[in-house]
There are 2 protein chains.
Amino acid sequence: MADGSRTPHAEVEEDPLLLDLHLCFDLHNTARAFGDVYRRVLRETGLTYPQYLVMVTLWEHGELPVKRISQLLRLDSGTLSPLLKRMEAAGLLTRNRSLADERSVIVRPTAEGTALRDTARDVPREIHAAAGLSAQEASALQQSLRRLAASLDAS
Amino acid sequence: MADGSRTPHAEVEEDPLLLDLHLCFDLHNTARAFGDVYRRVLRETGLTYPQYLVMVTLWEHGELPVKRISQLLRLDSGTLSPLLKRMEAAGLLTRNRSLADERSVIVRPTAEGTALRDTARDVPREIHAAAGLSAQEASALQQSLRRLAASLDAS
DNA sequence: GCCTATCCGATTGTGCACAATTCGGTAGTA
DNA sequence: TACTACCGAATTGTGCACAATCGGATAGGC
């Protein structure tokens with residue numbers, strides 16, 4: 001923000017929007033707050049949050065086709081293509097056409113990308129600490145969010 | 001999406017990310033689902049979700065300086081400036097320097113912008129129906145989200 | 001072997017989020 | 001009055017989300 005108005009929930013509550021907007025609005029605000037925390041926590045790694053998600057999937061699964069990453073992270077090809085190119089330029093991964101199916105592009109972490117896992121080791125703990133939720137609270141919130149998302153998707 | 005992979009929560013659950021990521025991930029997915037619904041519901045109005053938020057504040061408050069809109073909606077000037085210009089070009093509002101303080105720009109809905117309220121009349125109800133939550137459930141979820149956002153902001 | 005439907009990725013264009021900077025305007029102070 | 005500190009919008013640049021489209025590749029039916 002260009003000024004100091006990022007102060008947590010100050011002016012908004014005293015002058016609320018119409019009631020129906022609140023839920024989606026709070027959802028966005030919370031996502032934004034998460035974004036701020038991830039930005040700070042990931043600063044050392046040089047990754048953005050979506051890029052961190054990609055690295056986590058590569059650390060967990062090893063090489064993956066773009067299509068699979070898209071499914072796992074629900075990221076569009078229009079998002080993934082330039083994102084993966086930036087990460088390739090940063091030396092974190094390689095992109096190569098599959099020999100078996102030349103439509104498919106296989107993404108593989110480089111040694112540098114794999115090594116970044118050590119730098120990112122504390123990220124989960126720091127995020128968890130910042131959220132300040134118990135495992136039960138987090139799980140309950142997840143349940144609510146998933147039910148809501150399912151309902152929205154189904155509508 | 002370019003293909004049919006937007007199917008609600010299919011492949012993700014069978015092959016989960018690390019546990020710590022889930023909460024933020026579900027948050028993003030739910031925000032995305034809300035985005036889809038708002039896009040559909042707002043299609044008739046020609047507004048995007050952030051633009052709808054601006055119109056709602058103008059319908060509620062009448063004319064407002066940009067700074068106030070920024071505070072109410074937590075939108076950055078780098079976001080608001082081009083957004084308001086597009087809305088001005090669409091004939092929904094006017095932007096004029098305040099006579100009292102020429103640093104300030106006052107945003108006013110046009111007649112067309114005010115009339116759009118009728119077109120958007122059913123938006124709250126449709127969103128509520130799509131979410132499928134009782135008032136209690138929605139309120140509880142809001143509480144959780146606000147507590148979480150506050151904790152993240154404070155960290 | 002050929003044709004067609006389908007799949008996959010990349011690309012293009014628009015809109016939003018955030019950081020950093022710029023610039024004019026205002027107000028407080030010497 | 002002149003100087004300075006601060007304020008408010010706008011701009012620039014980067015990155016992500018989504019829609020629409022294209023072109024290459026595969027597989028199935030004939």
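What you see below is based on every heavy atom in this structure, not just the backbone, and it leaves out hydrogens, waters and symmetry mates. Order of the sequence lines fixes the chain letters, A, B, ..., with proteins taken first and strands second; residue numbering starts at 1 for each chain.
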Enumerate the protein-to-nucleotides 5-7 of chain C contacts in which both atoms are nitrogen or oxygen and the separation is below 3.5 Å.
unit_1: dC7(C); atom_1: O2; unit_2: R103(A); atom_2: NH1; d: 3.1

*Taking the side chain of D101(A) as its heavy atoms from C-beta onward, which of dA25(D), dG15(C), dG15(D) lies nearest to it?*
dA25(D)

*Which of the following nucleotides, dG9(C), dA9(D), dA17(C), is nearest to the side chain of V105(A)?*
dG9(C)

*Determine yes or no for a side-chain-to-main-chain donor-acceptor pair under 3.5 angstrom, with T110(A) supplying the side chain and L92(A) the backbone.*
yes

Spacing between [X] atom [atom1] and [N] atom [atom2], to the nearest angstrom:
X       : N       : atom1 : atom2 : result
F34(B)  : dC18(D) : CZ    : C1'   : 19 Å
D76(A)  : dG15(C) : CG    : C1'   : 14 Å
E102(A) : dA10(C) : CD    : P     : 13 Å
Q71(A)  : dC8(C)  : CD    : C1'   : 11 Å
L27(A)  : dA17(C) : CG    : C1'   : 16 Å
I106(A) : dC8(C)  : CD1   : P     : 12 Å
L75(A)  : dG15(D) : CG    : P     : 16 Å
L80(B)  : dG8(D)  : CG    : P     : 14 Å

Quick one, [X] and [Y] - any side-chain contact, counting heavy atoms below 4.5 Å?
X      : Y       : result
L27(B) : L23(B)  : no
L47(B) : L116(B) : yes
V54(B) : L80(B)  : yes

*Starting at the 5' end of DNA chain D and moving along, which residue's nearest nucleotide shows up first, V66(B) or P82(A)?*
V66(B)

_5' precedence on DNA chain D between T79(B) and Q51(A) (nearest-nucleotide basis)_ = T79(B)

Between [N] and [X], is there an OP1 or OP2 to side-chain N/O distance shorter than 4.0 Å?
X       : N       : result
S104(A) : dC8(C)  : no
R39(B)  : dA19(D) : yes
K85(B)  : dT14(C) : no

Among residues at least two apart in sequence or on other chains, which ones pass side chain to side chain contact (heavy atoms under 4.5 Å, CB included) with [X]?
X       : value
A130(A) : V37(A), L152(B), S155(B)
R103(B) : D101(B)
E44(B)  : T119(B)
E88(B)  : L93(B), R95(B)

*Taking the six-membered ring for Trp, is the centroid-to-centroid distance between H28(A) and Y49(B) below 6.0 Å?*
yes

*Looking at DNA chain C, which of residues 90-100 of chain A put a heavy atom within less than 4.0 Å of it?*
R95(A), R97(A)

_Within the 4.0 Å heavy-atom criterion, would you say S81(B) contacts the bases, only the backbone, or no part of the nucleic acid?_
base

*asked:* So L83(B), base contact, sugar-phosphate only, or nothing? Heavy-atom distance under 4.0 Å.
replied: sugar-phosphate

*Would you please say whether a donor-acceptor pair under 3.5 Å links the side chains of S134(B) and E137(B)?*
yes

*Quick one: does S77(A) reach the base of dA10(C) with a side-chain donor-acceptor pair under 3.5 Å?*
yes

*Start at the 5' end of DNA chain C and walk down; is the nucleotide closest to H28(A) or to G78(A) reached first?*
G78(A)

